[in-house]
Amino acid sequence: MSERVVKAAVKACRTYDSKDVQPAIDALFALCGGIERFVKPGQRVLVKLNLLMKRDPAQATTTHPAVAEAIVRAVQRAGATPVLADSPGGPYTKGMLAGVYEACGMKAVAEKTGCQLNDDFSTTTRYLPEGKAARRLDLIGVLDHVDAVITVGKLKTHGLTTMTGCVKNLYGTVPGTTKVEYHARYQDVRLFSDMLLDICACVKPCFAIVDAVIGMEGEGPSGGRPREIGALIGSENPHAADALAARLIGLSADQVTTLEAAKRRGLLPDFVIVGDPIEPMIIRDFDIPMGLRRGSWVRIMNRLPQAFRPRPVFVHKKCDGCGTCIRACPAKAIVMDARRKPQVDVKRCIRCYCCQELCPKTDIEIRRNPVFSLLR
Ligand code: SF4
Ligand code: SF4
């Protein structure tokens, strides 16, 4: 095998029962050469989960606690100390994270395993002279106090990047509301994807895992439907892990903006798939948002002026006027009307889809411009 070829491991895993998940996680590390290649005794290892919001794990919005627990136990067996962490949408504070840890099942994981839940809410600044989009990044301060990072994505559709896995997951190392600033700064989706790759190059995860036991299709990353995929994926290269994950839901690298950026920048390695046969796991009718992310359409759509790109539509069926969308909007394009229903100024909207991503009531849809509505 040439030096450029890395392994991307996949194990079939049909349930979140620990009897299924633990051997599968252990096998991912073993198939990639053994956990000792990535985690050393005595290290403090940040396990970067996807904890987008306070959600029951059954809704498939967040990394499942059974996956987190299996990784924690593997890291502990390797003689290291795992720390569970994420910076979800909203303020990066102790109070906010306490609710997220509890709702997403991570408090219970900590109680069962004795692992730490990150309680350091400081920030740190990293400089990247080689960054393509970002030369300076403000990130969560706990990164300064760990020796290694494992990124643990959840396989879901995503309105902006088409799919979220291990690399997009690292956007959660940007603290709280700083994410809003970055959306405003990196409005073009190619630039935004380059910025995500810069974060990945800065954080340098030692291993990447995708929770694809049950993923999310449709209006992901928070408003879609759970869909059984039945797989766990692991690789020392996060781009290879994401490319394998994309393949399982019928997407090519060109259709996922982070993978397209990795390809363009020569960061997507050749990889060999090890573990279980993937053919039975591939889902050919996985519902991708807007039905537009097919073939070369993703590239065309991402080059269109904003006015032609899919826009957020506030449905006003389940909305309780919580205001999360207004606080999340980097363009300040949303106002609350007199009935306490949010209204969007589509001319100001930069199509970042943060409002849809963070709406706790899943009351915001992303709809195509009518000009493109007949195209699939
Ligand atoms: S649309 Fe969603 S986020 Fe916005 S106010 Fe209503 S419930 Fe809250
Ligand atoms: S309205 Fe929604 S999609 Fe538009 S800029 Fe604001 S948060 Fe982003």
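Both counts, for ligands and for their atoms, begin at 1 and track the order of listing. This one's a predicted model, so the numbers in the text were calculated from it and none came from an experiment.
Excluding waters, the count of protein N/O/S atoms less than 2.8 Å from atom 4 (Fe) of ligand 2 comes to 1.
A salt bridge (Lys or Arg N to Asp or Glu O under 4.0 Å) with D337 is found for one member of R339, R340, K341 and no other, namely R339.
Side-chain contact annotation: T362 with K318, donor-acceptor N/O pair under 3.5 Å present.
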Between D211 and K154, does a salt bridge (charged side-chain N to carboxylate O under 4.0 Å, His left out) hold up when you go through it step by step?
-> CA-CA 5 Å; D211 169 7; K154 181 85 177 168; 2.9 Å; yes

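Applying the side chain to side chain contact (heavy atoms under 4.5 Å, CB included) rule to L128 yields the partners L137, D198, C202; only residues at least two apart in sequence or on another chain are considered.
A salt bridge is absent between E219 and R225; no separation between the charged side-chain nitrogens and carboxylate oxygens falls under 4.0 Å. Between R284 and E279 there is a salt bridge, since at least one side-chain N of the basic residue sits less than 4.0 Å from a carboxylate O of the acidic one.
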Using atom types as modelled, flag every donor-acceptor pair under 3.5 Å from a side chain in residues 139-149 to any protein atom, sequence neighbours excluded.
residue, atom, partner, partner atom, Å
D144, OD1, T124, OG1, 3.4
D144, OD1, R126, NH2, 3.2
D144, OD2, T124, OG1, 2.6
D147, OD2, R44, N, 2.7

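With hydrogens left out, the protein atom closest to atom 8 (Fe) of ligand 1 is C322 SG, 2.3 Å, a heavy atom. Among protein heavy atoms, the minimum distance from atom 2 (Fe) of ligand 1 is reached at C359 SG, 2.4 Å. Annotation: atom 3 (S) of ligand 1 to nearest protein heavy atom, C325 N, 3.4 Å. In this structure, the protein non-hydrogen atom closest to atom 6 (Fe) of ligand 1 is C319 SG, 2.3 Å.
Screening residues 31-50 for ring pair (Phe, Tyr, Trp, His ring centres under 6.0 Å) gives F38-F207 as the qualifying pairs, with residues at least two apart or on separate chains.
Within the 4.0 Å heavy-atom criterion, both parts of D320, backbone and side chain, lie near ligand 1.
With distances taken over non-hydrogen atoms, the option nearest atom 1 (S) of ligand 1 out of G323, P360, P342 is P342.
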